[in-house]
K.L.:
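Sharing a structure here in C-alpha cells format.
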Amino acid sequence: MPELPEVETTLRGIEPYLKNATISDIVVRNASLRWPVPAKQLSTLVGQKVIGAERRAKYILIHTKLGSILLHLGMSGSIRVLKFGAEVGKHDHVDINLNGNTIIRLNDPRRFGCCLLAHEPINEHRLIAKLGPEPLSSDFDGEVLFKRSRGRSIAVKNLIMDGNIVVGVGNIYACESLFLAGIRPTVTAKRLSRLRYKKLAEVIKVVLANAIKAGGTTLNDFTQADGKPGYFKQELQVYGRAGQACNDCDSKIKSQFIGQRNTFYCPTCQTF
DNA sequence: CTTTACGCCTGACGGC
DNA sequence: TGCCGTCAGGCGTAAA
C-alpha cells in the first residue's frame, strides 16, 4: 500500500522520463477513480512540455505551463513506465504519453487513487493547501509534534497519521516508528513529553528514509515504476507480525484496533 | 474547534 | 473445486 516511501520511489522511477518531455497524448481508459478523471480537461495539456515533477505528501505532481496533473495512488495504485504500444491490462485507468514513445501508466485496482488537473498554484489546491509539513524536511521535528499534540486527546498513533500534522505516515510506518521510539500507540497524544516527541520525529525520518532506500514496502499491489516490488517488508519489526516474536526482546507482538485500523506493537519494548 | 465513524473498491485468503 | 465472508486501508466527508 503506497505510503510516502512508495510514492517517492515511484516519482524517482518516472522522473527521468518526464524531464524535458512533451505530453503527446492523455488516454483515459477508465475514468472511475476516487473522483471522476476529467478526461476533457486533461486533454488540454496535449502538446505541453513538462516543466517539473515532484512529490507532495502522497501526491505526485506533474507540472506544465497550463496546469499540474495531480496523481494519488490510493491504496492499491501503481505507476509504470512502458513503451508506446504496450498491452493494456485490467485496471489500467490512465496513460500519459510522452514524446510519442513512452507511456506513464496509472493502474489502480481498488480505485482509491485519483488523477486530477489543478489550474491554481499547486499549494492552493484544496487537496494540498491544508497539509502538514513533509516529514523528511527540516520543517518537521519533535517540536512540531509536541506543539500540535498539546490539548489533543487522540492516540499518538492517530496524531502522526493525521495529514494536517505531518504528511505521508500511514499505518505501516506509524506502527514501525512507534516501535522504534518505544512508545505505546494507544497513549494519549497530550500526555507525551517533548523529549519523547523529539525521539519520535527522529525515528519517523529514519524509518521513511530507510524504506525509500529499500524501494518501499510491497505487501500485495505495489510495484516500482519498473515493475519490481519494494523490499522494506523484510525490515518490518511489528507491522503484520502479530503473534510472532519481537526481534528485540522475544515477547509476542500484539495487535489491537485503534480507530478503524489494525495496530501492531511490542508490549515489552513500547512502554512510554 | 475536536473526535469519531463511514464508505468507496477489488483481490487475496481461509473455512467449509 | 467453488462459494462466501472477512480483511486490507487513504482520506474526504459528515455527523456527533
Side-chain angles (χ1 to χ4, degrees), chain A residues 1-11 29-38 55-61 70-79 89-94 106-116 118 124-135 145 147-178 185-191 204 208 211 216-223 229-230 232-233 236 238-243 255-264:
Chain A
M1 15 227 85
E3 296 185 28
L4 186 145
E6 291 74 34
V7 180
E8 179 68 25
T9 299
T10 298
L11 175 69
R29 213 166 269 113
N30 180 351
S32 164
L33 288 176
R34 174 144 212 204
W35 298 284
V37 180
R55 179 189 58 74
R56 173 73 176 107
K58 294 174 190 166
Y59 293 97
I60 286 176
L61 309 170
L70 195 150
L71 298 165
H72 197 290
L73 301 179
M75 53 167 291
S76 63
S78 59
I79 293 175
K90 209 176 176 184
H91 308 306
D92 285 339
H93 285 257
V94 181
L106 174 64
N107 177 284
D108 187 359
R110 292 180 213 179
R111 301 197 222 154
F112 286 5
C114 70
C115 175
L116 298 171
E124 294 171 21
H125 190 275
R126 68 181 186 95
L127 295 173
I128 308 270
K130 289 179 184 167
L131 294 174
E134 285 290 329
L145 282 183
K147 286 204 177 111
R148 300 290 307 265
S149 67
R150 294 307 89 181
R152 300 295 300 269
S153 55
I154 52 174
V156 61
K157 183 188 178 226
N158 288 339
L159 183 84
I160 60 174
M161 287 180 69
D162 182 344
N164 297 323
I165 308 272
V166 57
V167 301
V169 183
N171 199 32
I172 296 173
Y173 299 112
C175 291
E176 294 299 305
S177 300
L178 289 163
T186 45
V187 170
T188 306
K190 63 186 174 194
R191 290 191 53 238
I204 285 173
L208 292 176
T217 302
T218 294
L219 294 178
N220 297 314
D221 306 284
F222 176 71
T223 63
F232 195 70
K233 187 179 179 184
L236 296 177
V238 287
Y239 182 85
R241 298 193 62 237
S255 71
Q256 177 187 342
F257 274 84
I258 298 180
Q260 314 306 105
R261 305 270 152 70
N262 208 352
T263 304
F264 302 87

K.L.:
Within this structure, what is the CH2-to-P distance between W35(A) and dG10(C), rounded to whole angstrom?
P.N.:
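For the pair W35(A) CH2 and dG10(C) P, the rounded distance is 15 Å.
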
K.L.:
Check the distance between dG12(C)'s C1' and L116(A)'s CG and give it to me in whole angstrom.
P.N.:
12 Å

K.L.:
Rounded to the nearest angstrom, tell me the gap between atom CZ in R152(A) and atom P in dT4(B).
P.N.:
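Nearest whole value for this atom pair: 10 Å.
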
K.L.:
L127(A) side chain: which of dC9(B), dG12(C), dG10(C) is closest?
P.N.:
dG12(C)

K.L.:
Donor-acceptor pair, distance only, cut-off 3.5 Å: does the side chain of R148(A) make one with the backbone of L159(A)?
P.N.:
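Checked: no pair found.
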
K.L.:
Could you tell me whether a side-chain N or O of H72(A) sits under 3.5 Å from a main-chain N or O of Y59(A), the two making a donor and an acceptor?
P.N.:
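Between the backbone of Y59(A) and the side chain of H72(A) there is no qualifying donor-acceptor contact (under 3.5 Å).
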
K.L.:
For the backbone of G74(A) and the side chain of S76(A), can you confirm whether one donor and one acceptor N or O come within less than 3.5 Å of each other?
P.N.:
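Between the backbone of G74(A) and the side chain of S76(A) there is no qualifying donor-acceptor contact (under 3.5 Å).
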
K.L.:
Nearest-Å distance, CZ (R126(A)) to P (dC11(C))?
P.N.:
13 Å

K.L.:
Could you give the NZ-to-C1' distance, from K233(A) to dA8(C), as a whole number of Å?
P.N.:
13 Å

K.L.:
For N107(A) and H91(A), indicate whether the former's side chain and the latter's backbone hold a donor-acceptor pair under 3.5 Å.
P.N.:
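Flag set: sc N107(A) to bb H91(A) pair under 3.5 Å.
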
K.L.:
At less than 4.0 Å, is any side-chain N or O atom of S153(A) found next to OP1 or OP2 of dT3(B)? Yes or no.
P.N.:
yes

K.L.:
Looking at R55(A) and L61(A), would you say the former's side chain and the latter's main chain have a donor-acceptor pair under 3.5 Å?
P.N.:
no

K.L.:
Report all interatomic pairs (protein N or O, nucleotide N or O of nucleotides 5-8 of chain B) with separations under 3.5 Å.
P.N.:
unit_1 : atom_1 : unit_2 : atom_2 : d
dG7(B) : N2     : R34(A) : NH2    : 3.4

K.L.:
Can you see if the side chain of H72(A) gets near the phosphate of dG12(C) - specifically, an N or O under 4.0 Å from OP1 or OP2?
P.N.:
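Answer is no, no contact under 4.0 Å.
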
K.L.:
Grab the two heavy atoms, one from R241(A) and one from F264(A), that are nearest each other, plus how far apart they are.
P.N.:
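It is N-CD2, 4.0 Å.
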
K.L.:
Just the table, please: protein N/O against nucleotides 14-16 of chain C N/O, every pair under 3.5 Å.
P.N.:
none

K.L.:
Taking only side-chain nitrogens and oxygens of N262(A), does any of them come within less than 4.0 Å of OP1 or OP2 of dC7(C)?
P.N.:
no

K.L.:
Picking from dT10(B), dT3(B), dA8(C), which would you name as closest to the side chain of I154(A)?
P.N.:
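When the side chain of I154(A) is considered, dT3(B) is the closest of dT10(B), dT3(B), dA8(C).
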
K.L.:
Can you figure out which of dC11(C), dT3(B), dT10(B) approaches the side chain of P109(A) most closely?
P.N.:
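Nearest to the side chain of P109(A) among the choices is dT10(B).
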
K.L.:
Write down the distance between CG (L73(A)) and P (dT10(B)), rounded to a whole number of angstrom.
P.N.:
18 Å

K.L.:
Please work out which residues in residues 155-170 of chain A have a non-hydrogen atom less than 4.0 Å from an atom of DNA chain B and list them by number.
P.N.:
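Correct list: empty, so none.
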
K.L.:
Which atom pair, heavy atoms only, marks the closest approach of R56(A) to L131(A)?
P.N.:
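It is NH2-O, 3.4 Å.
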
K.L.:
Can a side chain N or O of R111(A) be found less than 4.0 Å away from OP1 or OP2 on dG10(C)?
P.N.:
no

K.L.:
Please give me the minimum heavy-atom distance between L73(A) and D108(A), naming the atom from each residue.
P.N.:
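That closest heavy-atom pairing would be O-OD2, 4.1 Å.
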
K.L.:
Taking E176(A) for the side chain and V238(A) for the main chain, is one N or O donor matched with an acceptor at less than 3.5 Å?
P.N.:
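At least one qualifying donor-acceptor pair exists.
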
K.L.:
Counting only N and O atoms by type, is there a donor-acceptor contact under 3.5 Å from the side chain of N171(A) to the main-chain atoms of N262(A)?
P.N.:
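Side chain of N171(A) to backbone of N262(A), a donor-acceptor pair under 3.5 Å: yes, one is there.
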
K.L.:
Taking only side-chain nitrogens and oxygens of K90(A), does any of them come within less than 4.0 Å of OP1 or OP2 of dT10(B)?
P.N.:
no

